S.K.: 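Have a look at the structure that comes next, please.
Because the structure is predicted, anything quoted here is derived from the model rather than measured. Side chains included, hydrogens not; waters and symmetry mates left out as well; all remaining heavy atoms used.
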Amino acid sequence: MGPEETLSKMRHSAAHVMAQAVQSLFPEVKFGIGPAIKDGFYYDFDLPRPLKPEDLPVIEDRMREIIDDNLPFTSEEINKETAQQLFAAQPYKLELIDDLPDSSVTIYKQGDFTDLCRGPHVSSTGEIKALKLTHIAGAYWRGDEKRPMLQRIYGVAFGSQTELENYLARQVEATKRDHRKLGKELDLYSIHEEVGAGLICWHPKGALVRQVIEDLWRREHISRGYNIVYTPHVAKIDLWKTSGHWDFYRDYLYPPMELEEQQYIVKPMNCLGHILIFKSHLRSYRDLPLRYAELGTVYRYERAGVLHGLARVRGFTQDDAHIFCRPDQLEEEVIGVVRLAQFMMSTFGFSDYEVLLSTRPEKYTGSTQMWKQATDSLESVLQKLKLPYNIDPGEGVFYGPKIDIKLRDALGHAWQGPTIQVDFNLPQRFNVCYVGDDGLEHNVIMVHRTVLGSMERFLACLIEHYGGAFPVWLAPIQAIIIPIADRHSDYAQQIVVQFREEGIRTEVDNRSERMNLKIREAQLQKIPYMLIVGDKEATSSSASLRLRDGSNIGLEDLLQIKTRIATAIQSKA
RNA sequence: GCCAGUGUAGCUCAGAGGUAGAGCAGCGGUUUCGUAAACCGCAGGUCGUCGGUUCGACUCCGACCGCUGGCUCCA
């Protein structure tokens, strides 16, 4: 058994101990389930009253007592009837017992607490080393919102106090890097109640970062044979009825608006516009593949409870593209997309990612033969590119198989990254065809893909990945000139002009403040280069260079600094 | 949407059944300074919104809105 399994066993045992503790405090408790999860565990309870944050330390203390008692865990296999009697007062457990396939079930006991459980567990409660209950949350029984909501207590548990403390320290670091906090501190964006939840206003600095990314995105797409297009933000509802979105996706759509007795909706996706552009001509097999790319802003109604900073919003700009190709071109097109995705990931410093291939779900459209061919193509691409991947069986979208890439940021937090989806549905619904060399019409294969996801979510990911200290090429302000006294501001201004001519985003801090304050603020703003100028510098065409990590380079010639910065921008380091 | 928490000045936060307070930011002034916060003064708030209880509500109650952590879902 590896260290991960040992930990997970201990965490699962901690969940049982928590259940015992809760039972001793609330004898009427009805138990849900209590598994081990990443870093810890949870248990779902049906309790006579809502839990308060103050309850957690009480439960935790009770858990410590149980741990100190070092109660042994014992298991027993019993038949279902016996189990049903044993758990007669536990409706959720009874439901679980009913659903188990075997005629016998296992139970685990520690002290006076018994739970239905497959195990395994540590041998006694004393083996649970370091834990902390972290938060309370509501959770539907079996994740179904039509069923009762239970109260879930989350906890973390580790093999030693030191590891627990490290974990808590990482949490503190993650809080510091939270894009919502940094977004405010670095003046990147804001969300206003007056505008509406989940709708983003980009401030100049956030907009600048976004533009730099978009410029790179456009350049890369053009050089890789994409055509950039623009499509309207609203369209007649019939278009969305034809596509099936109005039927299948209605819960996510903003409601229709009426104009000249026609109903229009705001687009939730960009694909239909691209399809209509494709269909504006008769297309030959020689024209394919056609790749239409758009930084397309879409609006989707997301439930209020799921909104989260830039990461989950109601209006967002997808870095979208649709590839229309022949079946024999699919594989090469997917290779191109994966290479582009890899290029983007390495450009933004993501080296840790997971590739998932999602296969046919239970409800699907298209023939099984089409599914097989497309899934094989996707898999073959991953093999040719020697990309390690996992199969996510049945997790494809109803219209086709897909490849998803999950990124890990510098703190190990996972983000949904590039996605490549084959679509058999829309080409049929809209009769998207090309004329083959046989003179007959054939449906195209359509690939939806994004390599960044959405600009909003990608920025959220980048902010947290870099902890707000954007690499020089992305930094909204790349250099700031800090005159020591007012008499140095002319010299400072000359540097600004000179640097801007070189394309270096430069500002000057001309306030009548002390240099120390200006340095502090520039550092907090995570500006990569601070050029401090006083009498010495003004007479020698130089500046005293300081970096945002606190290091002090000292006096350096202006030309040299310019080259230094230009090189850093160039290398995207 | 559901469960829990929460909303006080632009920001970070304190306070509290008898009509609000700090630091930073802002404004005015003094200071012109050598590597992470100079000093003095001024101004700033229908205490999220609406309704109820009360002689009196920012404080108690209710509804709504926003935010936070989850459930569910996803770019």
S.K.: In plain terms, say whether Arg210(A) and Glu456(A) are close enough for a salt bridge, that is, a side-chain N and a carboxylate O under 4.0 Å apart.
M.R.: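 So Arg210(A) pairs with Glu456(A) through a salt bridge.
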
S.K.: Identify whether any heavy atom of Asn516(A) sits under 4.0 Å from a base atom; if not, whether one sits that close to sugar-phosphate; answer base, sugar-phosphate or nothing.
M.R.: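 Here Asn516(A) touches the backbone only, sparing every base.
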
S.K.: Taking N and O atoms by type only, does the side chain of Gln421(A) place a donor or acceptor under 3.5 Å from a partner on the base of rA75(B)?
M.R.: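 Donor-acceptor pair under 3.5 Å: no.
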
S.K.: Are Arg303(A) and Tyr252(A) in a cation-pi setup, meaning NZ or CZ lies under 6.0 angstrom from the ring centre and within 45 degrees of the ring axis?
M.R.: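 The answer is no, since Arg303(A) fails at least one limit relative to Tyr252(A).
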
S.K.: Might you list the N or O atoms of the protein lying below 3.5 Å from N or O atoms in nucleotides 59-68 of chain B, with each pair's distance?
M.R.:
unit_1: rC65(B); atom_1: O2'; unit_2: Glu193(A); atom_2: OE2; d: 2.9
unit_1: rU68(B); atom_1: OP1; unit_2: Arg180(A); atom_2: NH1; d: 2.8
unit_1: rU68(B); atom_1: O3'; unit_2: Arg180(A); atom_2: NH1; d: 3.3

S.K.: Can a salt bridge be assigned to the pair Asp144(A) and Arg142(A) using a cut-off of 4.0 Å between side-chain N and carboxylate O?
M.R.: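 Between Arg142(A) and Asp144(A) there is no salt bridge, as every charged N stays at least 4.0 Å from the carboxylate O atoms.
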
S.K.: Is there a Watson-Crick or G-U wobble partner for rG7(B) with both distances under 3.5 Å, and which nucleotide is it?
M.R.: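 Across any shown strand, rG7(B) pairs with rC65(B).
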
S.K.: Taking the minimum atom-to-atom distance to the side chain of Arg152(A), which one of rG34(B), rA36(B), rC71(B) wins?
M.R.: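 Closest of the options to the side chain of Arg152(A): rC71(B).
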
S.K.: Counting only side-chain N and O atoms of Tyr154(A), is one of them less than 4.0 Å from OP1 or OP2 of rC3(B)?
M.R.: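 Checking Tyr154(A) against rC3(B): no side-chain N or O falls below 4.0 Å of OP1 or OP2.
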
S.K.: When the nearest nucleotide of RNA chain B is assigned to Leu524(A) and to Arg303(A) on a heavy-atom basis, which residue is associated with the more 5' position?
M.R.: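 Checking each residue's closest nucleotide, the 5'-ward one belongs to Arg303(A).
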
S.K.: Give a yes/no verdict on a cation-pi contact between Arg224(A) and Phe343(A), requiring under 6.0 Å between NZ or CZ and the six-membered ring centre and an angle within 45° of the axis.
M.R.: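 Verdict for Phe343(A): a cation-pi partner in Arg224(A).
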
S.K.: Using atom C1' in both nucleotides, what's the gap between rG10(B) and rC71(B) to the nearest angstrom?
M.R.: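 The same atom, C1', in both gives a distance of 35 Å.
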
S.K.: Between the base of rG1(B) and the side chain of Glu302(A), is one N or O donor paired with an acceptor at under 3.5 angstrom?
M.R.: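 Donor-acceptor pair under 3.5 Å: no.
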
S.K.: Hey, is Phe316(A) stacking on rA75(B)? Ring centres under 5.5 Å, planes under 30°.
M.R.: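 Whether judged by distance or by angle, Phe316(A) passes, so it stacks on the base of rA75(B).
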
S.K.: Contact class for Phe458(A) vs. all strands (heavy atom < 4.0 Å): base, sugar-phosphate, or nothing?
M.R.: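 Nothing, no nucleic acid heavy atom in range.
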
S.K.: Please determine if a side-chain N or O atom of Lys518(A) lies less than 4.0 Å away from the OP1 or OP2 oxygen of rA37(B).
M.R.: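 It does not, given that no N or O in the side chain of Lys518(A) lies less than 4.0 Å from OP1 or OP2 of rA37(B).
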
S.K.: Using a 4.0 Å heavy-atom cut-off across all strands, classify Lys52(A) as base, sugar-phosphate, or nothing.
M.R.: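 No contact.
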
S.K.: Looking at every strand, decide which applies to Gln525(A) at a 4.0 Å heavy-atom threshold: base, sugar-phosphate, or nothing.
M.R.: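 Result for Gln525(A) = nothing.
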
S.K.: Please report the distance separating the P of rA20(B) from the corresponding atom of rG45(B), rounded so that it comes out in whole Å.
M.R.: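 Looking at atom P only, rA20(B) and rG45(B) are 12 Å apart.
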
S.K.: I'd like to know if Arg312(A) reaches the base of rC73(B) with its side chain such that a donor and an acceptor end up less than 3.5 angstrom apart.
M.R.: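 Side chain to base: pair present.
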
S.K.: Determine whether the side chains of Glu95(A) and Trp141(A) contain a donor N or O and an acceptor N or O closer than 3.5 Å.
M.R.: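 Yes.
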
S.K.: With P as the reference atom in both, quote the distance from rU8(B) to rC50(B) in angstrom, rounded to an integer.
M.R.: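 To the nearest whole Å, 16 Å.
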
S.K.: Taking side chain to side chain donor-acceptor pair (under 3.5 Å) as the criterion, tell me which of Arg291(A), His448(A), Glu294(A) meets it with His322(A).
M.R.: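 Testing each of Arg291(A), His448(A), Glu294(A) against His322(A), the sole residue satisfying side chain to side chain donor-acceptor pair (under 3.5 Å) is His448(A).
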
S.K.: Checking all strands, does Gln416(A) fall into the base, sugar-phosphate, or nothing category for heavy-atom contacts under 4.0 angstrom?
M.R.: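 Answer is sugar-phosphate: Gln416(A) comes under 4.0 Å of backbone atoms only.
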
S.K.: Applying a 4.0 Å non-hydrogen cut-off, can you work out what Gly138(A) is touching in the nucleic acid: base, sugar-phosphate, or nothing?
M.R.: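 Base contact.
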
S.K.: I want to know whether Phe398(A) and Phe248(A) have ring centres closer than 6.0 Å.
M.R.: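 Between Phe248(A) and Phe398(A), which both carry aromatic rings, the centre distance is below 6.0 Å.
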
S.K.: Side chain of Arg457(A), base of rC74(B): donor and acceptor closer than 3.5 Å?
M.R.: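 Between rC74(B) and Arg457(A), which were checked side chain against base, a qualifying N/O pair under 3.5 Å is present.
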
S.K.: Test Leu531(A) against Glu537(A) for side chain to side chain contact (heavy atoms under 4.5 Å, CB included), laying out the working first.
M.R.: CA-CA 10 Å; Leu531(A) 281 72; Glu537(A) 291 80 5; over 6 Å; no

S.K.: What protein N or O atoms touch nucleotides 24-33 of chain B N or O atoms at under 3.5 angstrom, if any, and at what distances?
M.R.:
unit_1: rU32(B); atom_1: O2; unit_2: Asp486(A); atom_2: N; d: 2.8
unit_1: rU32(B); atom_1: N3; unit_2: Asp486(A); atom_2: OD1; d: 3.2
unit_1: rU32(B); atom_1: N3; unit_2: Asp486(A); atom_2: OD2; d: 2.6
unit_1: rU32(B); atom_1: O4; unit_2: Asp486(A); atom_2: OD2; d: 2.6
unit_1: rU32(B); atom_1: O4; unit_2: Ser512(A); atom_2: OG; d: 3.1
unit_1: rC33(B); atom_1: OP2; unit_2: Arg487(A); atom_2: NH1; d: 3.3
unit_1: rC33(B); atom_1: OP2; unit_2: Arg487(A); atom_2: NH2; d: 3.3

S.K.: With the threshold set at 4.0 Å, does a side-chain nitrogen-carboxylate oxygen contact exist between Asp404(A) and Lys406(A)?
M.R.: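 No, this pair does not count.
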
S.K.: Which nucleotide, if any, forms a Watson-Crick or G-U wobble pair with rC71(B), using both distances under 3.5 Å?
M.R.: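 The base-pairing partner of rC71(B), which may sit in any strand shown, is rG1(B).
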
S.K.: NA contact type, Gln151(A), heavy-atom cut-off 4.0 Å: base, sugar-phosphate, or nothing?
M.R.: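 Nothing: the residue Gln151(A), judged by heavy atoms under 4.0 Å, touches no strand.
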
S.K.: P atom, rC27(B) versus rC64(B): distance in rounded Å?
M.R.: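 Going atom to atom, P in each nucleotide, I get 42 Å.
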
S.K.: Give a yes or no on whether a salt bridge exists between Glu333(A) and Arg449(A), defined as a side-chain N under 4.0 angstrom from a carboxylate O.
M.R.: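 Looking at Arg449(A) together with Glu333(A), the answer is no, because their closest N to O distance does not fall below 4.0 Å.
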
S.K.: Provide the distance between the two C1' atoms, one in rC11(B) and one in rU53(B), to the nearest whole Å.
M.R.: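 It comes out at 35 Å once rounded to the nearest Å.
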
S.K.: Using the ring centroid of each side chain, check whether Phe31(A) and Tyr92(A) are separated by less than 6.0 Å.
M.R.: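 They do not qualify: ring centres at least 6.0 Å apart.
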
S.K.: How far, in whole Å, is rG18(B) from rC47(B) if one measures between their P atoms?
M.R.: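 15 Å, rounded to whole Å.
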
S.K.: Tell me what Gly534(A) touches on the nucleic acid: a base, only sugar-phosphate, or nothing, going by heavy atoms under 4.0 Å.
M.R.: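 Base contact - Gly534(A) has a heavy atom under 4.0 Å of at least one base atom.
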
S.K.: Does rG1(B) have its OP1 or OP2 closer than 4.0 Å to a side-chain nitrogen or oxygen of Tyr301(A)?
M.R.: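 So the side-chain polar atoms of Tyr301(A) do come within 4.0 Å of the phosphate oxygens OP1 or OP2 of rG1(B), strictly under.
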
S.K.: Which sits closer to the 5' end of RNA chain B, Leu452(A) or Leu150(A), going by the nucleotide each is nearest to?
M.R.: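 It is Leu150(A), whose closest nucleotide lies nearer the 5' terminus.
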
S.K.: Students often get this wrong, so: under 4.0 angstrom with heavy atoms, is Val298(A) touching a base, only sugar-phosphate, or nothing?
M.R.: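 Result for Val298(A) = nothing.
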
S.K.: Rounding to an integer number of angstrom, what distance separates rG15(B) and rC74(B) when you compare their P atoms?
M.R.: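 To the nearest whole Å, 43 Å.
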
S.K.: Does a side-chain N or O of Arg546(A) approach OP1 or OP2 of rA36(B) to a distance below 4.0 Å, or not?
M.R.: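 Answer is yes, contact under 4.0 Å.
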
S.K.: My understanding is that a pair needs two contacts under 3.5 Å, Watson-Crick or G-U wobble. By that rule, which nucleotide pairs with rC27(B)?
M.R.: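 Result: rG41(B).
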
S.K.: Take atom C1' in rA16(B) and the same atom in rG7(B), then report the distance between them in whole Å.
M.R.: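 Straight-line distance between the two C1' atoms is 16 Å.
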
S.K.: Applying the Watson-Crick and G-U wobble criteria at under 3.5 Å, what pairs with rU19(B)? Answer none if nothing qualifies.
M.R.: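 By the stated definition (distances under 3.5 Å), nothing pairs with rU19(B).
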
S.K.: In terms of heavy-atom contacts, does CZ of Arg147(A) have more than 12 from other residues, nucleotides or ligands at under 6.0 Å?
M.R.: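 Enclosed.
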
